[in-house]
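Since the model is a prediction, treat every value here as computed from it, not as a measurement. Note: hydrogens, waters and symmetry copies are ignored here, and every other heavy atom, side chains too, is used.
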Amino acid sequence: MKQKVSILIIMVLVLASCSVKKQLAKADLMYESGEYYNAVNKYKKVNRRLRGKENKRLKGEVNYKMGVCYWRLSDFTRSAKCMQTSIKMKTGNDTAYLYLGKAMLAMQKYKEAKNAFNSYMAVDPTNTEVREGLLSVDQASVLRKGFTRYRLEEFKHFNSRRNSDFCPMFVGMEDDNTIMFTSNRDDNTNGKKSKKKGNVNGITGVADNNIYTCHRNKAGKWETVTAAGGSINSSEDDGVTCFTRDGRTCYFTHCDASREGGQIFKTQRSGSEWTEPTEVKLFDDSTITVGHPALSENGDRLYFVTDNHRGTGGRDIWFVDKLDDGSWGIPEEMPDPINTTGDEMFPYVFNDTTLYFASNGHVGMGGLDLFVATCDTAGHWTLKNLLAPMNSPWDDFGITFNATRNEGFFSSNRNQRKAIDKIYHFYFDPIVYAIEGKVVDETGQPVGEATIRLVGDNGDIIKSRAKMDGTYSINLTVCGARYAMMASKRGFLNASHQFNTFRIEGSKVFTNDFTLVSLNKAVKMDNIFYEFGKWTLTPESEAGLKSLMKVLTDNPNITIEISAHTDMVGSEEANNELSLKRAQSVVNWLVKAGVDPARITPKGYGESKPVIVSAELAKQYKFLKEGDELTPDFIMSLKEEQQAICNQINRRTEFKVLKTTYKLY
């Protein structure tokens, strides 16, 4: 009896082992063919049945392949967990460190990513992908904070609620009002039977895609999203489009379940419908996957993505030129530095010298980043990361621009719990430089219709006029220039201002208010101070003196009188002498600063010209009213603290214009 039980147990174990091997073989076949969603589900079942020390190595290998599958499905958390398990099982597959680093980078866990990359670097120090990964870790914060003038928002009109919508494309280079994009939303396709809910794609784990379209009407409003008409959509996976310049021919990716990998198909528009698609044969080997087509401006070069083993590694961008007979020639791989051992996908071409694409192999923020490559006249390509906010630690890809290239759309799964792709609208925020402000008189009242002149050392000459409320605004053309401004109006002295637009990142609006001084009345000079009971200017007076100096410089044809006034304290004779000496001190300072003595006349008035209260003073001091004259009798009628204020108001230094024709004739 015991012998029979033992035999039965052995048979069960053998059968279980056979079952595991069979399931593992099926999973490996799916893995090799790129059916990552199906493969990972098979591997999970196998993984649960691998117990005991004898299965430790195999369990590590299964977890490694699961980690790769999760990476391909943009599930970085699960990918990292599987890679950590694989490393713990000591399978000897050090590539797990590389995938662990990439997953940690995408999750913005930079310390863990760096440790993983360094572990792989110790094994394979020449690997370009790990070096790019370490550079990405070091530059992640720089890339996130990099200066860019793109502004973006999720474009909810194109997006479905729980499905992926991605790879928008303007239909032709001359039509900014029609968009086509790819989506796996559960809609009817032009009356055809919709793809069954739950009929998931073995590669992605989501429903197969269709091509959808949306048109913008004359009022600028995007209308209802509908499935593309005609035969362009099938019962299988279709999407990622590009168009000829006139928008009448469409190339797109089609994935047929009966064949391994994707192919590129071509269809033409007849009215509002698309004709039966035909395959574009690029390789004789039907097992080579191709997709993500992009056309040059003249339609004679087709860019595409392929997993051809002759490429650099991963998925690469290739191109093929059209021959004279209309057929396509021999495909070639894009030159350095476009492709890496990672994935380069979703190309978009502008004017044959600018290529936009997505990559997880170049230095980036994690996941797929958007890059732009430009080609010079010698055929050399220069690469640039589009930075934030276009890029994020998630997948960012599938970009298209309108005809003017100042706005467009792209797709991203940023901040999406299940890595659902959404379409984003972006626009290029132009750098704007401007200067604005207000023109007022010495009492702060607006000076309407004053003339503002601006001259730049870049050749700008602009004349503007302030509004009735005194405000003005002038747009500037470029940065890196010096500007001189002058505000003027009849009956007022001119006022100037200088500024520059050097070392400025982004838009900037400068501000400057002009104060125009009346020609017809004396003007109090602010911030002129003397030592108590003396005529010596204090250091605090320098700002006020420089301000007066600027008035004389801005108005080279005026002569002025500098007048000093005292309060009623002291004798009249002493006050007259003190005020004259104070006025002379101001004149001496101006002469020493370079002003012609013939332009300035000192005058001491002592206490003989008390202040007449203005509306501004009456507003400042509630015990005074407009028109009051601060004579000794008036002051003596006030309270003691109010007397001190009035004496202080009377103590002042003023200037007034005597002539406006100095050296004019």
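Here the closest non-hydrogen pair linking P393 and A106 is CB-O, 3.3 Å. Taking each heavy atom of R161 and K422 in turn, the nearest pair found is O-NZ, 3.3 Å. Annotation for L638 and C646: closest pair CD1-SG, 3.5 Å, computed over non-hydrogen atoms. Looking at every heavy atom in both residues, M525 comes nearest to F655 through CG-CD2, 3.7 Å. L152 and P389 get closest at one heavy-atom pair: CD2-O, 3.2 Å. Considering every non-hydrogen atom in both A113 and V137, the closest pair reads CB-CG2, 3.9 Å.
Checked by atom type and distance alone, the side chain of T559 pairs as donor or acceptor with a backbone atom of K659 at under 3.5 Å. Remark: the backbone N or O of I423 is not paired with any side-chain donor or acceptor of S411 at under 3.5 angstrom. H157 contributes a side-chain N or O that, together with a main-chain N or O of E223, makes up a donor-acceptor pair within less than 3.5 Å. Between the side chain of D165 and the backbone N or O of S160 there is at least one donor-acceptor pair closer than 3.5 Å. Here the side chain of N494 pairs no donor or acceptor atom with the backbone of S488 at under 3.5 angstrom. D396 contributes no side-chain N or O that, together with a main-chain N or O of L370, makes up a donor-acceptor pair within less than 3.5 Å. Side chain of S359 to backbone of G361: a donor-acceptor contact under 3.5 angstrom is found. When atom types are taken as modelled, the side chain of N217 and the backbone of G220 share a donor-acceptor pair closer than 3.5 angstrom. Of the possible polar contacts, none joining the N512 side chain to the G437 backbone as a donor-acceptor pair under 3.5 Å is found. Within the 3.5 Å criterion, the main-chain N or O of Y605 finds a donor-acceptor partner in the side chain of S579.
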Exercise. Quick one: do Y472 and M485 satisfy side-chain contact (heavy atoms from CB on, under 4.5 Å)? Show the steps, please.
Key: CA-CA 12 Å; Y472 74 92; M485 300 181 69; 3.9 Å; yes
Practice problem: Take N557 and T660 through the side-chain hydrogen bond (donor to acceptor under 3.5 Å, both in side chains) test and state the conclusion after the steps. | Solution: CA-CA 5 Å; N557 302 118; T660 59; over 6 Å; no
Quiz item: How far apart are the C-alpha atoms of F357 and L355, what are their side-chain angles, what is the distance that settles it, and do they pass the side-chain contact (heavy atoms from CB on, under 4.5 Å) test?
Solution: CA-CA 7 Å; F357 64 97; L355 172 71; 4.1 Å; yes
Quiz prompt | F634 and L624: CA distance, side-chain angles, deciding distance, side-chain contact (heavy atoms from CB on, under 4.5 Å) verdict | solution = CA-CA 11 Å; F634 178 84; L624 298 175; 3.8 Å; yes
Quiz item: Is there a side-chain contact (heavy atoms from CB on, under 4.5 Å) between L548 and L590 once you walk through the steps?
Solution: CA-CA 9 Å; L548 179 58; L590 293 171; 3.8 Å; yes
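With sequence neighbours left out, R482 forms a salt bridge (Lys or Arg N to Asp or Glu O under 4.0 Å) with D457. With sequence neighbours left out, the side chain to side chain contact (heavy atoms under 4.5 Å, CB included) criterion links T178 to V171, D175, T213, H215. Not counting sequence neighbours, the partners of E442 by the salt bridge (Lys or Arg N to Asp or Glu O under 4.0 Å) test are K521.
Under the 4.5 Å side-chain criterion, counting only non-hydrogen atoms from C-beta, V439 is in contact with L516. Looking only at side-chain heavy atoms (C-beta outward), V657 and L493 come within less than 4.5 Å of each other. You'll find the side chain of D441 stays beyond 4.5 Å of the side chain of T515, heavy atoms only. The shortest side-chain heavy-atom distance between D369 and N360 does not fall under the 4.5 Å cut-off. A 4.5 Å side-chain heavy-atom check between I649 and V613 finds every atom pair outside the cut-off. Proximity of L134 to N118: side-chain heavy atoms (C-beta onward) are separated by under 4.5 Å at one or more points. Between M107 and E112, every side-chain heavy-atom pair lies at or beyond the 4.5 Å cut-off. In this structure the side chain of F499 reaches within 4.5 angstrom of the side chain of L454, judged on heavy atoms.
A distance of 8.0 Å separates CD of E616 from CD of Q445, quoted to the nearest 0.5 Å. Atom OG in S585 sits 10.0 Å away from atom CD in E531 (nearest 0.5 Å). Atom-to-atom distance recorded for M169:CE and F181:CZ is 13.0 Å, nearest 0.5 angstrom. Distance check, rounded to the nearest 0.5 Å: CH2 of W535 to CG of N588 gives 12.5 Å. Rounding to the nearest 0.5 Å gives a distance of 11.5 Å between CZ of R414 and CG of D421. The distance from atom CD1 of I420 to atom CG of N413, rounded to the nearest 0.5 Å, is 9.5 Å.
At a cut-off of 3.5 Å, with distance as the only test, a side-chain donor of Y530 or T653 sits close to an acceptor on the other residue. Under the 3.5 Å distance criterion, with hydrogens and angles disregarded, no donor-acceptor pair is assigned to the side chains of N527 and E540. The closest side-chain donor-acceptor pair between D554 and S496 falls under 3.5 angstrom. In this model, a donor atom of one side chain and an acceptor atom of the other lie less than 3.5 Å apart for N391 and N385. Side-chain atoms of H425 and E407 form a donor-acceptor pair, as typed in the model, at a separation below 3.5 Å. Side-chain contact check for Y483 and D460: at least one donor-acceptor pair (N or O, by modelled atom type) lies under 3.5 Å.
Separation of the F170 and F401 ring centroids does not fall under the 6.0 Å cut-off. Aromatic rings from F428 and Y150 are positioned such that their centres are separated by under 6.0 Å.
Taking the charged nitrogens against the carboxylate oxygens, E654 and K656 have no contact shorter than 4.0 Å, which rules out a salt bridge. Ion pair K438/D469 not flagged as a salt bridge, since none of the NZ, NE, NH1 or NH2 atoms sits closer than 4.0 Å to an Asp/Glu carboxylate oxygen.
Sorted by first then second residue, the salt bridge (Lys or Arg N to Asp or Glu O under 4.0 Å) pairs that include residues 577-589, not counting sequence neighbours, are E577-K581. Here salt bridge (Lys or Arg N to Asp or Glu O under 4.0 Å) pairs that include residues 584-605, with residues two or more places apart or in two chains, number zero. Annotation: side-chain hydrogen bond (donor to acceptor under 3.5 Å, both in side chains) contacts involving residues 627-650, sequence neighbours excluded, comprise K625-D628.
Within a 6.0 Å radius of CD in E154, more than 12 heavy atoms belonging to other residues, nucleotides or ligands are found. Annotation: K156, atom NZ; neighbour count of heavy atoms from other residues, nucleotides and ligands within 6.0 Å does not exceed 12. Around CZ of R453, the count of heavy atoms belonging to other residues, nucleotides or ligands within 6.0 Å does not exceed 12.
Taking the centre and axis of the six-membered ring of F510, the NZ or CZ atom of K508 falls inside the cone set by 45° and 6.0 Å.
Between F155 and W222, the ring-plane angle classifies as perpendicular under the 30° and 60° cut-offs. Between F409 and F158, the ring-plane angle classifies as tilted under the 30° and 60° cut-offs.
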